[in-house]
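Bear in mind that the values here come from a model prediction, so they are computed numbers and not experimental data. Below, each value reflects all heavy atoms present in this structure, side chains not excepted, and no hydrogens, waters or symmetry copies. Per chain, numbering begins at 1; letters A, B, ... match sequence-line order.
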Protein chains: 2
Amino acid sequence: MATRKVNSTYTRNEQSLFECDLSYAINKIGGRWKLQILSMLENRTLRFTALKKEFAFMSERMLTLQLRALEQDGLVKRTVYAEVPPRVEYELTNTAMELWPILNQLSQWGSKQRSSHREL
Amino acid sequence: MATRKVNSTYTRNEQSLFECDLSYAINKIGGRWKLQILSMLENRTLRFTALKKEFAFMSERMLTLQLRALEQDGLVKRTVYAEVPPRVEYELTNTAMELWPILNQLSQWGSKQRSSHREL
DNA sequence: GCCATTACTTACAAATTTGTATGTATCCCA
DNA sequence: TGGGATACATACAAATTTGTAAGTAATGGC
């Protein structure tokens, strides 16, 4: 989530990953809190403070980083209002909304898998 | 991928994640090489050495760890033949196969998203 | 007895991600 | 003049993940 060395084996390996559309997709939504954030923004626009309140368990830093990543990836739209104190609003893009039907299926798979595969 | 401290904030936070079926699902397939491995095993059974050859870029250690995780999660079936030298074969479980239609959609989303959102 | 093969395991280091705490800029209000 | 609110940014440490290199057990063949 921070800047990376450019030539480590780790990074080089990741290059090949990006050649696969599936891995590409998973990477966009696989961040630690990204799904939570996307869920929270479903059907509404929230400002930074509101998100912060909802996600009290998440550090402010992580919230910022994840939001930035989602913005970069075109899943979240960020709007800054030139006021004081500042106001910044976040909402989903169409691209992100297209994910829902797919994620719902994945969620159902998860639920089914979970109940049939208790690991306790 | 190794043993974890049990009471760090990081781990505590993760607990809440597991309460969500979607995050649960993403976690099962989100490992660094898991999708590659699952893809490789689609419609065939391979032994360890074969996988190792296919994934020359992946360290043997990681291959083992990812396979173990997939096995734990009920996505891959591991069969050991009591021979010498040993023979171990890996194949997908039904649960894993049920993922394909979903992953295909995700892949398509990725592809579309990618072409419309060039980051170079 | 010695070597090769297979499927790992282990120890340790390097890279990356996340958490914690503190700081910043702006302007309004008392 | 001194807060207070908002949306971050930054420094540093802790946790986690991944990579690298070397070792292991069993047995058949030379």
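Between A:Phe57 atom CZ and C:dT18 atom P there is a gap of 13 Å when expressed in whole angstrom units. Nucleotide C:dC8 holds its P atom 10 Å from the CG atom of B:Leu51, rounded to whole Å. The distance from atom CE of A:Met62 to atom P of D:dC8 is 15 Å, rounded to the nearest whole Å. Going from atom CG of A:Leu46 over to atom P of D:dT6 covers 14 Å, rounded to whole Å. Between B:Leu65 atom CG and D:dT17 atom C1' there is a gap of 10 Å when expressed in whole angstrom units. Taking atom CD of A:Glu60 as the reference point, atom P of C:dT22 lies 14 Å away to the nearest angstrom. Atoms CD (A:Glu89) and C1' (D:dC8) sit 16 Å apart, rounded to a whole Å. Between A:Gln66 atom CD and D:dA9 atom P there is a gap of 14 Å when expressed in whole angstrom units.
At the phosphate of C:dC8, OP1 or OP2 sits under 4.0 Å from a side-chain N or O atom of B:Tyr90. Put simply, B:Thr9 has a side-chain N or O that comes within less than 4.0 Å of OP1 or OP2 on C:dT20. Side-chain nitrogen and oxygen atoms of A:Arg78 include at least one within less than 4.0 Å of the OP1 or OP2 phosphate oxygen of D:dC8. The shortest distance between the side-chain N/O atoms of A:Arg68 and the OP1/OP2 oxygens of D:dC8 is below 4.0 Å.
Nearest-nucleotide positions on DNA chain C for B:Phe48 and A:Pro86 put B:Phe48 closer to the 5' end.
For B:Thr64, the side-chain atoms get nearest to C:dT9 when compared with the rest of D:dG19, C:dT9, C:dG19. Listed nucleotides: C:dT16, D:dG19, C:dT26. Nearest to the side chain of A:Ser8: C:dT16. Of the listed nucleotides (D:dA9, C:dT10, C:dG19), C:dT10 has the atom at the smallest distance from the side chain of B:Arg61. The side chain of A:Pro85 approaches D:dT6 more closely than any other nucleotide in the set D:dT20, C:dT20, D:dT6.
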field: Step-by-step ring-ring contact (aromatic ring centres under 6.0 Å, His included) determination, A:Phe57 to A:Trp33
entry: CA-CA 11 Å; A:Phe57 57 89; A:Trp33 307 112; 5.3 Å; yes
task: List the steps and the verdict of salt bridge (Lys or Arg N to Asp or Glu O under 4.0 Å) for B:Arg44 and B:Glu42.
output: CA-CA 6 Å; B:Arg44 71 191 129 188; B:Glu42 198 180 357; over 6 Å; no
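A:Glu60 has a carboxylate O that lies under 4.0 Å from a charged side-chain N of A:Lys52, or vice versa, which qualifies the two as a salt bridge. Salt-bridge formation is detected for the pair B:Glu98/A:Lys112: a Lys NZ or Arg NE/NH1/NH2 atom is positioned less than 4.0 Å from an Asp or Glu carboxylate oxygen.
Proximity of a side-chain donor or acceptor of A:Glu54 to a complementary backbone N or O of A:Ile37 within less than 3.5 Å is not detected.
The base of C:dC27 is not paired with the side chain of A:Glu83 by any donor and acceptor separated by under 3.5 Å.
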